[in-house]
Amino acid sequence: MAGFRDREKKHFPLTSTSSVVALFRDQLEGPNEPNLAFLSITLGCVENALTLNRAAPAAEDSALLQPIFPVVDLNMIETLYRKFETLVKGSVDLTKYPCKYSNRDLVKKISDVIWASLSRSFKDKAHLQSLYSLLTGNKLDCFGVAFGVVAAAQMLGCNDIHLALSEDHAWVVFGEDGTDTAEVTWHGKGNEDKRGQSIALSVAEKSWLYLNGHPVICDRAMEVAALVSAANPSINVTMDSIEMGALQQELLWLLYDKDHLSRYPMALGNLGDLEEISPTPGRPPPMAIFNEAISSAVKHYDKHHVYPYTYMGGYLYRKRRYKEAIKCWAEAANVIRKFNYTREDEEIYKEFLEIANELIPNIVKSVSVQTLDRSQMNILYNPEVYADILRFFDGICEWEEGSSTPVLHVGWAQNLTFSLNKFDPRTRAKIDVGRDEDDSDSDDEDDDDEKSENDENDNENNSRFKDESDSKVESECKFVKTQDVSDPLQAV
Ligand SMILES: CC1(C)CN=C(N2CCN(c3ncnc4sc(CCF)cc34)CC2)S1
């Protein structure tokens, strides 16, 4: 292959964050599409140098005294790129796939090439998302395999093959109108991979894993955003590389300014988290960025994404803005109620479990001890907060309704009652749990998201606590409205 053109060469050797940002900018602005394999290898190389095998610096030679940004030479990147090109072009005989658009056999073949080059070892460590990891260690995580398939497809000239992303899985779209879908990687632990199969079958399950038909469909620039967003600045459980975090942050702002994040709520969430750690002067604050992520999910994905609300909820919790955090979590539950829980939805189950059984109990505990912070004390006298906790649990109850797998168990009920009982009884009396006369369906305007008729019929015998086989929990508070209250503390 002709070596890299001047467009790539002129940035090397890379010696700083700004030289990597300049290289990405050039790729994004260039006459040709950004080269996914080239960018993934390069960013993976920088991440590897900044996060792996870093001896703890002795006091005297701390990072302040010695810059640790690695020098990345062109020949290292070119060697790895050629290795990938040899692997891909040497394994896929394109003459067997003569048509202009890709077909399922070709997609499966490309996936097989990536799949076959993986070692059998541990796959859910950090730093396994880039082609640098594949080419130097034969290891990729599940996102990395999907990304690798798309990068290989680009190298083969299959420009109709693009990355599709849910909040916990990745696959590809392809074909003349880009609506054919195929699994190309595995998901979770102990699940058989479904590589080659179309996604349609899995979407039918209404599982959160496939976002019920509302995944992020990437173009090439959003695939660059995905590789940047998937970068991992962590050195170990307690430490992050400041340089890698700064590089990821600057690359996300570069993509943001070019409008490549506007349809990618999770990348906006990642950027908001990075801005909380290290605010960029002149840039919007985290809350503004989290709001953009929520707006994007509402506008482009029909309110089917959960993470924009838990990104913001987590931030507000850390800032001890508990009332607003609980409202975000109620909104998150308002999304998950549209889905049926299936066994591959563990990640979001764990997210809601932590909110219900740790974060909310911590809040009601921390504000009920003799807190001097009067603003926090209001929480237990605020009917809106109480109503939001009810909405939160109602969304989870509805999520369970019609699901093949139960969600709730007695621990949830214990935490729910613990939290609710902390509220002042008069506050609880102010809640008007709206009940329709004929107890018909809620007049929720987005009925098309509502469970299908048969799910309603199933309600009789589901939402069962795991440990108490014959107990049933009908979701009582489908609709909760609060009377307007002046200063709740007056109620004391
Ligand atoms: C609010 C949170 C718990 C904080 N971090 C979260 N994530 C970290 C970043 N994540 C992501 N960030 C960008 N793009 C993607 S694509 C994908 C599915 C596997 F391919 C995950 C993910 C996943 C979610 S959600």
Side-chain angles (χ1 to χ4, degrees), residues 40 43 123-124 126-130 140-151 162-173 183-189 191 193 199 202 207-211 214-218 221-234 240 245 248-249 251-252 255-256 260-277 286-287 289-290 293-294 296-297 301 304-318 325 328-329 331-333 335-336 344-355 358-359:
S40 180
L43 193 61
K123 295 194 184 70
D124 65 359
H127 314 299
L128 301 184
Q129 80 285 358
S130 77
L140 282 176
D141 60 24
C142 48
F143 166 84
V145 169
F147 181 86
V149 169
V150 176
H162 282 288
L163 191 60
L165 301 170
S166 76
E167 294 187 311
D168 188 41
H169 191 30
W171 58 94
V172 299
V173 295
E183 299 274 9
V184 292
T185 185
W186 81 92
H187 175 260
K189 292 194 182 84
N191 304 315
D193 74 84
I199 304 302
S202 305
S207 67
W208 165 76
L209 188 66
Y210 292 92
L211 290 178
H214 299 283
V216 175
I217 305 296
C218 295
M222 288 171 75
E223 282 146 6
V224 175
L227 82 89
V228 170
S229 208
N232 184 338
S234 60
D240 278 8
Q248 184 179 38
Q249 194 168 353
L251 289 173
L252 286 172
L255 289 152
Y256 176 94
H260 296 316
L261 302 191
S262 56
R263 292 170 179 261
Y264 196 165
M266 287 185 289
L268 288 169
N270 287 343
L271 183 54
D273 279 351
L274 289 164
E275 282 295 311
E276 176 190 3
I277 295 165
M287 280 299 284
I289 303 168
F290 293 132
I294 290 170
S296 170
Y301 303 106
H304 275 72
H305 291 199
V306 176
Y307 281 154
Y309 298 104
T310 51
Y311 266 113
M312 184 183 278
Y315 173 81
L316 289 166
Y317 177 80
R318 292 189 292 272
C328 285
W329 294 332
E331 288 301 322
V335 174
I336 201 68
E344 290 205 64
D345 290 347
E346 282 96 350
E347 279 310 305
I348 203 65
Y349 173 84
K350 288 188 291 190
E351 194 70 17
F352 281 111
L353 192 70
E354 183 192 23
I355 293 166
E358 289 176 40
L359 304 186

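All of these numbers come straight from a predicted model, not from anything done at the bench. In listed order, ligands and their atoms are each counted from 1.
- Among protein heavy atoms, the minimum distance from atom 22 (C) of ligand 1 is reached at Met266 SD, 3.5 Å.
- Nearest residue to atom 6 (C) of ligand 1 from Tyr307, Tyr311, Phe147 is Tyr311 (criterion: closest heavy atom).
- For the atom pair Ser207 OG and Asp345 CG, the distance stands at 5.0 Å (nearest 0.5 Å).
- Counting only N and O atoms by type, the side chains of Asn270 and Tyr311 include a donor and acceptor under 3.5 Å apart.
- Every atom of ligand 1 with a heavy atom of Ser229 under 4.0 Å away is listed here by number and element: 12 (N), 13 (C).
- Near Asp168, meaning under 4.0 Å from any of its heavy atoms, are these atoms of ligand 1: 18 (C), 19 (C).
- Between the side chains of His187 and Asp193, not a single donor N or O lies within less than 3.5 Å of an accepting N or O.
- Side-chain atoms of Gln129 and Asn232 include no donor-acceptor pair closer than 3.5 Å.
- For atom 3 (C) of ligand 1, the choice among Glu167, Lys350, Met312, Glu351 with the nearest heavy atom turns out to be Glu351.
- For ligand 1 and Ala170, the ligand atoms under 4.0 Å from any heavy atom of the residue are 20 (F).
- Closest to atom 17 (C) of ligand 1 among all protein heavy atoms lies Ser166 O, 3.7 Å.
- Here Asn270 has side-chain heavy atoms under 4.0 Å from ligand 1, and that is the only part of it that gets that close.
- The protein atom (non-hydrogen) at minimum distance from atom 14 (N) of ligand 1 is Tyr264 OH, 2.7 Å.
- The closest side-chain donor-acceptor pair between Glu183 and His169 falls under 3.5 angstrom.
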In sequence, state the C-alpha distance, the side-chain angles, and the governing distance for Lys189 and Glu346, and then conclude on salt bridge (charged side-chain N to carboxylate O under 4.0 Å, His left out).
CA-CA 10 Å; Lys189 292 194 182 84; Glu346 282 96 350; over 6 Å; no
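- Only backbone heavy atoms of His169 (N, CA, C or O) come within less than 4.0 Å of ligand 1; its side chain stays farther off.
- Side-chain contact between Glu331 and Cys328 is absent, with no heavy atoms from C-beta onward closer than 4.5 Å.
- For Tyr349 and Trp208, the ring centers are positioned 6.0 Å apart or more.
- Residue, atom and distance of the protein heavy atom nearest to atom 20 (F) of ligand 1 are Phe143 CD1, 3.3 Å.
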